[in-house]
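Everything on this sheet refers to the single structure shown next.
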Amino acid sequence: MLGRLARYLRFLGHDTLFACDLGLDGPGEDTRLLHLAADEHRILLTRDHELARRGGVLVPDGDVLDQVAALVREGVVEPVLSLDRCSRCNTLLRPATENEAGTCPHAQRPEQGRLLWCSTCRQLYWLGSHVDRLTERLDQVARMAGPPRG
Ligand SMILES: [Zn+2]
(Lines give C-alpha, C1' and ligand atoms only; values in the text may rest on other atoms or scores of the structure.)
Protein backbone atom coordinates (compact mmCIF):
# COMPACT_ATOMS: atom_id res chain seq x y z
CA MET A 1 0.00 0.00 0.00
CA LEU A 2 2.90 2.32 0.70
CA GLY A 3 4.89 1.54 -2.44
CA ARG A 4 4.52 5.04 -3.87
CA LEU A 5 5.53 6.56 -0.55
CA ALA A 6 8.63 4.31 -0.48
CA ARG A 7 9.62 5.66 -3.90
CA TYR A 8 9.15 9.25 -2.75
CA LEU A 9 11.23 8.67 0.37
CA ARG A 10 14.01 7.36 -1.88
CA PHE A 11 13.72 10.52 -4.03
CA LEU A 12 14.41 12.38 -0.79
CA GLY A 13 17.51 10.27 -0.25
CA HIS A 14 16.20 8.11 2.59
CA ASP A 15 17.44 4.56 2.91
CA THR A 16 14.00 2.99 2.55
CA LEU A 17 13.04 -0.68 2.74
CA PHE A 18 9.59 -1.74 1.61
CA ALA A 19 8.07 -4.46 3.78
CA CYS A 20 6.58 -6.31 0.78
CA ASP A 21 10.11 -6.78 -0.60
CA LEU A 22 11.49 -8.27 2.61
CA GLY A 23 9.71 -11.62 2.58
CA LEU A 24 8.71 -11.29 6.24
CA ASP A 25 5.01 -11.92 5.68
CA GLY A 26 3.16 -14.57 7.62
CA PRO A 27 2.39 -14.97 11.31
CA GLY A 28 4.49 -12.68 13.48
CA GLU A 29 5.28 -10.35 10.61
CA ASP A 30 4.56 -7.25 12.73
CA THR A 31 6.95 -8.36 15.46
CA ARG A 32 9.67 -9.14 12.92
CA LEU A 33 9.22 -5.71 11.33
CA LEU A 34 9.47 -4.01 14.73
CA HIS A 35 12.67 -5.94 15.52
CA LEU A 36 14.19 -5.15 12.15
CA ALA A 37 13.40 -1.44 12.60
CA ALA A 38 14.95 -1.45 16.08
CA ASP A 39 18.06 -3.41 15.01
CA GLU A 40 18.74 -1.19 12.01
CA HIS A 41 17.62 2.08 13.63
CA ARG A 42 14.88 2.50 11.09
CA ILE A 43 11.57 4.28 11.45
CA LEU A 44 8.68 1.92 10.78
CA LEU A 45 5.95 3.61 8.73
CA THR A 46 2.64 1.86 8.61
CA ARG A 47 -1.03 2.23 7.72
CA ASP A 48 -1.87 -0.19 10.53
CA HIS A 49 -3.06 1.48 13.75
CA GLU A 50 -2.08 -1.48 15.92
CA LEU A 51 1.45 -1.63 14.49
CA ALA A 52 1.79 2.15 14.88
CA ARG A 53 0.76 1.80 18.53
CA ARG A 54 3.44 -0.88 19.04
CA GLY A 55 6.23 1.35 17.77
CA GLY A 56 5.59 2.59 14.26
CA VAL A 57 4.60 5.93 12.79
CA LEU A 58 1.08 6.00 11.38
CA VAL A 59 0.81 7.11 7.75
CA PRO A 60 -2.55 8.75 7.05
CA ASP A 61 -4.97 8.06 4.22
CA GLY A 62 -4.68 10.20 1.17
CA ASP A 63 -2.48 10.50 -1.85
CA VAL A 64 1.27 10.20 -1.69
CA LEU A 65 1.80 13.97 -1.37
CA ASP A 66 -0.57 14.07 1.63
CA GLN A 67 1.44 11.25 3.19
CA VAL A 68 4.79 12.95 2.62
CA ALA A 69 3.34 16.19 4.05
CA ALA A 70 2.20 14.31 7.16
CA LEU A 71 5.72 12.90 7.62
CA VAL A 72 7.18 16.40 7.20
CA ARG A 73 4.82 17.63 9.94
CA GLU A 74 5.95 14.73 12.16
CA GLY A 75 9.57 15.75 11.60
CA VAL A 76 10.38 12.37 9.99
CA VAL A 77 11.51 13.80 6.63
CA GLU A 78 12.29 17.11 4.98
CA PRO A 79 10.76 17.93 1.60
CA VAL A 80 14.08 18.30 -0.19
CA LEU A 81 15.03 16.24 -3.25
CA SER A 82 18.20 14.26 -3.10
CA LEU A 83 17.89 11.81 -6.02
CA ASP A 84 20.91 9.74 -5.05
CA ARG A 85 19.00 6.45 -4.65
CA CYS A 86 17.24 4.15 -7.07
CA SER A 87 13.52 4.67 -6.42
CA ARG A 88 12.84 1.02 -7.30
CA CYS A 89 15.42 -0.80 -5.23
CA ASN A 90 17.09 1.68 -2.82
CA THR A 91 20.62 1.23 -4.25
CA LEU A 92 22.79 4.37 -4.21
CA LEU A 93 23.14 5.72 -7.74
CA ARG A 94 26.42 6.70 -9.34
CA PRO A 95 27.26 8.63 -12.51
CA ALA A 96 26.71 6.47 -15.57
CA THR A 97 29.76 5.47 -17.59
CA GLU A 98 29.82 6.09 -21.33
CA ASN A 99 29.03 2.45 -21.86
CA GLU A 100 26.04 2.51 -19.54
CA ALA A 101 24.72 5.72 -21.04
CA GLY A 102 24.90 3.87 -24.37
CA THR A 103 22.63 5.33 -27.00
CA CYS A 104 20.54 7.40 -24.57
CA PRO A 105 19.90 10.68 -26.47
CA HIS A 106 20.45 12.69 -23.29
CA ALA A 107 24.05 11.45 -23.11
CA GLN A 108 24.86 13.76 -26.02
CA ARG A 109 23.63 16.84 -24.11
CA PRO A 110 25.16 16.84 -20.64
CA GLU A 111 24.07 20.46 -20.12
CA GLN A 112 20.43 19.27 -19.98
CA GLY A 113 20.83 16.99 -17.01
CA ARG A 114 22.86 14.24 -15.42
CA LEU A 115 22.80 10.53 -16.16
CA LEU A 116 22.99 8.21 -13.17
CA TRP A 117 23.12 4.45 -13.02
CA CYS A 118 21.63 1.85 -10.68
CA SER A 119 24.01 -1.11 -10.68
CA THR A 120 21.34 -3.41 -9.18
CA CYS A 121 18.49 -2.75 -11.63
CA ARG A 122 20.91 -1.83 -14.43
CA GLN A 123 18.67 1.17 -14.92
CA LEU A 124 19.74 4.52 -16.34
CA TYR A 125 18.30 7.63 -14.68
CA TRP A 126 18.21 10.93 -16.46
CA LEU A 127 17.95 13.91 -14.11
CA GLY A 128 16.51 16.46 -16.48
CA SER A 129 13.42 18.63 -16.71
CA HIS A 130 11.20 16.16 -14.82
CA VAL A 131 13.32 16.93 -11.75
CA ASP A 132 11.79 20.43 -11.83
CA ARG A 133 8.32 18.88 -11.67
CA LEU A 134 9.32 16.76 -8.67
CA THR A 135 10.76 19.85 -7.01
CA GLU A 136 7.46 21.67 -7.59
CA ARG A 137 5.56 18.79 -5.99
CA LEU A 138 7.82 18.93 -2.96
CA ASP A 139 7.32 22.70 -2.70
CA GLN A 140 3.61 21.89 -2.64
CA VAL A 141 4.26 19.31 0.11
CA ALA A 142 6.14 21.93 2.15
CA ARG A 143 3.16 24.31 1.84
CA MET A 144 0.74 21.52 2.83
CA ALA A 145 2.88 20.65 5.85
CA GLY A 146 3.01 24.24 7.08
CA PRO A 147 5.74 25.73 9.24
CA PRO A 148 7.86 23.28 11.27
CA ARG A 149 6.58 22.51 14.76
CA GLY A 150 8.25 23.57 17.95
ZN1 LIG B 1 17.73 -0.04 -8.63
Side-chain angles (χ1 to χ4, degrees), residues 1-26 28-48 51-52 55-145:
M1 265 187 301
L2 295 178
R4 284 201 74 199
L5 180 61
R7 295 189 61 158
Y8 258 83
L9 294 179
R10 288 169 182 158
F11 290 148
L12 303 182
H14 291 279
D15 176 1
T16 307
L17 300 182
F18 187 38
C20 296
D21 297 336
L22 298 177
L24 295 177
D25 44 334
E29 177 185 15
D30 288 2
T31 303
R32 287 199 293 278
L33 285 173
L34 287 162
H35 284 162
L36 177 85
D39 289 349
E40 299 190 3
H41 306 286
R42 294 178 180 278
I43 298 170
L44 180 60
L45 303 175
T46 180
R47 295 275 305 110
D48 182 309
L51 188 53
V57 171
L58 189 67
V59 177
D61 272 328
D63 96 344
V64 67
L65 296 187
D66 295 322
Q67 293 174 335
V68 176
L71 295 178
V72 171
R73 272 193 298 273
E74 293 285 331
V76 176
V77 299
E78 287 184 47
V80 180
L81 269 189
S82 162
L83 297 174
D84 59 353
R85 276 181 195 280
C86 178
S87 62
R88 289 185 190 176
C89 78
N90 201 44
T91 299
L92 282 170
L93 302 174
R94 59 165 171 75
T97 63
E98 218 169 282
N99 212 11
E100 289 156 354
T103 56
C104 173
H106 302 302
Q108 316 310 321
R109 302 183 194 85
E111 70 283 359
Q112 292 181 2
R114 288 185 298 146
L115 285 169
L116 299 177
W117 180 254
C118 174
S119 55
T120 303
C121 301
R122 307 190 62 71
Q123 156 100 6
L124 191 63
Y125 281 87
W126 175 58
L127 304 188
S129 57
H130 57 294
V131 172
D132 297 338
R133 288 195 294 277
L134 261 180
T135 304
E136 275 168 32
R137 272 185 228 150
L138 287 169
D139 288 347
Q140 189 190 334
V141 162
R143 285 192 300 275
M144 287 156 67

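The analysis underlying the following values was restricted to heavy atoms, covering all of them including side chains, and did not include hydrogens, waters or symmetry mates. In this text, all values refer to a predicted model and were calculated from it rather than measured experimentally. Ligands are counted one by one from 1 in listed order, and the atoms in each one are counted from 1 as well.
Each of T120, D21, D15 was evaluated against N90; a single residue qualifies, D15, per the side chain to side chain donor-acceptor pair (under 3.5 Å) test.
Protein contacts to the Zn ion (ligand 1) involving N, O or S atoms at a distance below 2.8 Å are C86 SG, C89 SG, C118 SG, C121 SG.
Not a single side-chain hydrogen bond (donor to acceptor under 3.5 Å, both in side chains) links T135 to another residue, sequence neighbours left out.
Relative ring orientation between W126 and H130 is described as tilted, the plane-to-plane angle lying within the 30° to 60° band.
Within 6.0 Å of the CD atom in E98, the count of heavy atoms belonging to other residues, nucleotides or ligands does not exceed 12. Heavy atoms from other residues, nucleotides or ligands lying under 6.0 Å from CZ of R114 number 12 at most.
Side chains of D84 and S82: a donor-acceptor N/O pair is present below 3.5 angstrom, by distance only.
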